[in-house]
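What follows is one structure encoded as structure tokens, with my remarks underneath.
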Amino acid sequence: MMTLPEVRNQVVIDIEFAVGTGARQHVACAMMGIATTTLRRWKPSNDEAVQIDQRPHTTRPAPANRLNDLERQRILSTCNEPDYCNVPPSQIVPRLADQGVYLASESSFYRVLKSAGQLQHRGRAKRKQSHIPTTHRAAKPNDVWMWDITYLPTRTIGQHYYLYMIEDLYSRCGVHWEVHETESGELASELISQAVLKRCELGERPVLHSDNGSPMKSFTMRAKLEALGIKPSYSRPRVSNDNPYIESMFRTVKYCPQCPSLGFADIASVRDWVSSVMRWYNEEHRHSARRFVTPGQRYRREDHVLLEKRRTVYQTAKEIPLAA
């Protein structure tokens, strides 16, 4: 903080008066809120007035690592490409690093977008709010599964199709899904049977978490879980956000750019779209809660090698000297 010349001059006069009447200099300086070195710097070498603060007029060299115009334009062009226009810099930077490309840090991406007036929420969905339940923990794939049912709109008002989805907690990977015209415990029990047959090894059984919907707590579903040896888990009564991970997955899928805004024509088109978008979600979508690796990579335990390669790309980019 800069101090005006007239204020400096008055402070010096007051301290000199106090010292002249018997006060210790360091005590007088402390009472005025300055150090003794500051006093020596403020005191004029002769009878001239206190000099004006020269800090605002100092010529400071530009940072050595400042981006030039070409680099800034390259960042903007990359952010506006079709593959990246709907994702934030926190996803763009690791995606480029996975290709062996490093343009700048995530914070530099944000600064360039802000200076260009393009720093805004990307995508169709609203900004999400975090809620982290603490009941279950997953140390590896297939430790805990979560499942739920969501509506998919049709072109007929009031009519919906039902997407049944099971998600792995450890990786956030969609392990199995089906689309039906109704929701029922019988269809749900068939869903979990197919998921276990498809994903679980011999003797491997996850905890299955869900909310308190009627298909989830139906007699048929409970009997199927007991027959398979799967331990059920349910949300607390009257608590709407105890199954947030599967809801977050639905949010990502249903608000992605590929989702038709006018609804689906028939159940065949819904199933084709869900198969396509789940391939994208599992194998292309970088999950923010999993250090921006895809859920499929995390589920297959490929993330450790990938993250190490990414770290090497970042470290190499930091060590390379910038061109003069």
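- L187 and W177 are members of different hydrophobic clusters when ILVMFWY side chains are connected at heavy-atom separations under 4.5 Å.
- The neighbour count for E204 CD, taken as heavy atoms of other residues, nucleotides or ligands under 6.0 Å away, is above 12.
- Residues C200 and R205 share a closest heavy-atom pair of CB-NH1, 4.1 Å.
- Residues E302 and V293 form no side-chain contact, since every pair of their non-hydrogen atoms from C-beta on lies 4.5 Å or further apart.
- With a 6.0 Å radius and a threshold of 12 heavy atoms from other residues, nucleotides or ligands, D69 has its CG atom at or below the threshold.
- Side-chain contact, S108 with R111: a donor N or O sits under 3.5 Å from an acceptor N or O.
- With a 4.5 Å cut-off on side-chain heavy atoms, V112 and E71 do not count as touching.
- Side-chain contact check for S269 and D272: no donor-acceptor pair (N or O, by modelled atom type) lies under 3.5 Å.
- One hydrophobic cluster, built from ILVMFWY side chains closer than 4.5 Å, cannot hold both Y170 and V175; they sit in different ones.
- Note on ring orientation: taking the six-membered ring where Trp is involved, the planes of Y281 and H285 are parallel (angle under 30°, cut-offs 30° and 60°).
- Under the 3.5 Å distance criterion, with hydrogens and angles disregarded, a donor-acceptor pair is assigned to the side chains of Q10 and D14.
- Here the options are N282, N142, D168, the test is side-chain hydrogen bond (donor to acceptor under 3.5 Å, both in side chains), and the partner is Y299; only N142 passes.
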Could you give me the CA-CA distance, side-chain angles and deciding distance for D143 and K140, then say whether salt bridge (charged side-chain N to carboxylate O under 4.0 Å, His left out) is met?
-> CA-CA 6 Å; D143 268 358; K140 64 182 188 303; 2.7 Å; yes
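- When only modelled atom types and interatomic distance are considered, Q297 and T294 share a side-chain donor-acceptor pair under 3.5 Å.
- Taking 4.5 Å as the limit, every side-chain heavy atom of S105 sits out of range of all side-chain heavy atoms of V93.
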Kindly determine whether K231 and E226 satisfy salt bridge (charged side-chain N to carboxylate O under 4.0 Å, His left out), including the steps that lead there.
-> CA-CA 8 Å; K231 178 182 177 181; E226 184 175 355; over 6 Å; no
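- Looking at S115 and R72, their side chains do bring a donor and an acceptor atom within 3.5 Å of each other.
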Go through R40 and T37 one step at a time and tell me if the side-chain hydrogen bond (donor to acceptor under 3.5 Å, both in side chains) criterion holds.
-> CA-CA 5 Å; R40 288 194 295 269; T37 54; 5.2 Å; no
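- Salt bridge absent: D303 and R290 never bring a charged side-chain N and a carboxylate O closer than 4.0 Å.
- A continuous path of ILVMFWY side-chain contacts below 4.5 Å connects M165 to I267, so both sit in one hydrophobic cluster.
- In summary, of the residues considered (Y164, Y161, Y162), a ring pair (Phe, Tyr, Trp, His ring centres under 6.0 Å) with H180 occurs for Y164 alone.
- Cluster annotation: M278 and L163 are assigned to the same hydrophobic cluster (Ile/Leu/Val/Met/Phe/Trp/Tyr, side-chain heavy-atom contacts under 4.5 Å, transitive).
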